[in-house]
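Here is how names work: the chains are called A, B, and so on, in the same order as the sequence lines, proteins then strands, and each is numbered from 1.
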2 protein chains.
Amino acid sequence: MQNKHAFRSKIFKALGHPSRILLVDALLQGARCVCELRELVNADVSTVSKHLSVLREAGVVDCEKRGANVYYSLRMECVRGFLACVDRFNARRAEEHACLLCKGVESQERESKFGE
Amino acid sequence: MQNKHAFRSKIFKALGHPSRILLVDALLQGARCVCELRELVNADVSTVSKHLSVLREAGVVDCEKRGANVYYSLRMECVRGFLACVDRFNARRAEEHACLLCKGVESQERESKFGE
DNA sequence: TGAACATTTGGCAAATTAGCCAAATGATCA
DNA sequence: TGATCATTTGGCTAATTTGCCAAATGTTCA
């Protein structure tokens, strides 16, 4: 029952890296081989391969070998909707932030202090 | 444009820790003060406080001071639906795993090898 | 004001993760 | 078979994250 949270957090942890989110983002549009993904993320192939295996072990993506290439694809479809929500959320936050700025609220304290 | 992925991954990273998922799970049912949450997660209050501030900085939760207490609450509502999906996903995976077991597929190789 | 409680912050050691290189593995094709 | 391409694995250091303790801050209430 405590394992539930370990499972859950494994998935979030897998997605909790800019390069890995970038990879998943690319896979939203369909399967891609490692060499294609490698160009996207600007890193050593071995690094990309390791990121992909983190995603695969978490169950977020799947892979399939075709000839000499390995194609990765999105497995956990609900990531798509959640990402869209996260983006809307961040956009809203950015707006609120801009709004506070133009009202001249002190910039550093704004979001770290408790309202009163 | 590259920042998009940094924003996204910050949220996932915040959720990518068993204790923090546990905290968020508790907040699904409503606001809780740190002292209540502290009992849930078995750790030093300072540790819990730091976990909560990671969640707050990512925008996942909000906090509000009431008297001597600080109450945390869920801010990013779409986490609720995604968690439900993640749980269904994990349950399905567990089933498939059990199913392969009873069919006698070699246990180690099963999910780490490519199908062919 | 001072004692007791709730929470956060600073700082540090231990654990984990990231990213590179080199080497291994597997596939293709001449 | 040997050359070449695609991918993964091992190993190592650097960077980041965790979690505890101690101390600081803020609140309540006598």
| Please walk me through it: do K13(B) and K13(A) pass side-chain contact (heavy atoms from CB on, under 4.5 Å)? | CA-CA 6 Å; K13(B) 194 180 295 184; K13(A) 193 180 295 184; over 6 Å; no
Winner on side-chain proximity to K65(A), out of dT8(D), dG26(C), dT27(D), is dG26(C)
Rounded to whole Å, CG of N42(B) lies from P of dG19(D) at a distance of 12 Å
Side-chain atoms of V34(B) come closest, of dT8(D), dT7(C), dC20(D), to dT7(C)
By nearest-heavy-atom nucleotide on DNA chain C, the more 5' of A43(A) and A68(A) is A43(A)
Per atom distances to the V70(A) side chain, the nearest of dT27(D), dT8(D), dA6(D) is dT8(D)
Would you call S73(B) and D62(B) a side-chain contact if the rule is heavy atoms closer than 4.5 Å?
yes
Query raised in the report: Does a side-chain N or O from Y72(A) land closer than 4.0 Å to OP1 or OP2 of dT8(D), or not?
Result: yes
> Under 4.0 Å between a side-chain N or O of K13(B) and OP1 or OP2 of dT17(D)?
Replying inline: yes
So does N69(A) get a side-chain nitrogen or oxygen closer than 4.0 Å to the phosphate oxygens (OP1/OP2) of dC5(D)? no
The side-chain contact (heavy atoms from CB on, under 4.5 Å) partner of C63(B) among V70(B), V34(B), L55(B) is V70(B)
Residues D44(A), R38(A): salt bridge by 4.0 Å N-O rule: no
Determine: side-chain N/O of T47(A) to OP1/OP2 of dC20(C), distance under 4.0 Å, yes or no. yes
query: Under a 4.5 Å cut-off applied to non-hydrogen side-chain atoms, are L74(B) and R80(B) in contact?
result: yes
Between R92(B) and E95(B) (salt bridge meaning N to carboxylate O under 4.0 Å), is one present in this structure? no
Could you tell me whether R38(A) contacts a base, only the sugar-phosphate backbone, or nothing, with contacts defined as non-hydrogen atoms closer than 4.0 Å?
-> nothing
L37(B) CG to dA6(C) P, in whole Å, measures 13 Å
By nearest-nucleotide position on DNA chain D, the 5'-leaning member of E36(A) and K50(A) is E36(A)
What's S53(B) touching, base or sugar-phosphate or nothing? Going by heavy atoms closer than 4.0 Å.
nothing
Separation of dT7(D) atom P from E39(A) atom CD, nearest Å, is 11 Å
Every protein N/O within reach of nucleotides 23-25 of chain D N/O, cut-off under 3.5 Å:
none

Whole-Å distance, E57(A) CD to dT17(C) P, equals 11 Å
Tell me whether the count of non-hydrogen atoms from other residues, nucleotides or ligands lying under 6.0 Å of CD in E77(A) goes above 12. yes
Ranking dT27(D), dA22(C), dT8(C) by distance to the side chain of S46(B), first place goes to dT8(C)
Taken to the nearest whole Å, CG/L22(B) to C1'/dT18(D) is 16 Å
Show each protein N/O and nucleotides 13-15 of chain D N/O combination with a separation under 3.5 Å, one pair to a line.
none

Give a yes/no on whether any side-chain N or O of R20(A) is located under 4.0 angstrom from OP1 or OP2 of dA18(C).
yes
Here the distance between atom P of dT27(D) and atom OH of Y71(B), to the nearest Å, is 15 Å
To the nearest angstrom, the CG-C1' distance between L55(B) and dT8(C) comes to 15 Å
What orientation do F12(A) and F82(A) show, parallel under 30°, tilted 30 to 60°, or perpendicular over 60°?
perpendicular
Quick note, D44(A) side chain, CB onward, closest among dC21(C), dT8(D), dG19(D) is dC21(C)
Inset, instruction - Please check the phosphate of dG19(C) (OP1 and OP2 only) for any side-chain N or O of H17(A) closer than 4.0 Å. - result: yes
Smallest heavy-atom separation, A43(A) atom then V48(A) atom, equals O-CG2, 4.2 Å
When rounded to whole Å, the CD to C1' distance for the pair E64(A) and dA6(D) reads 16 Å
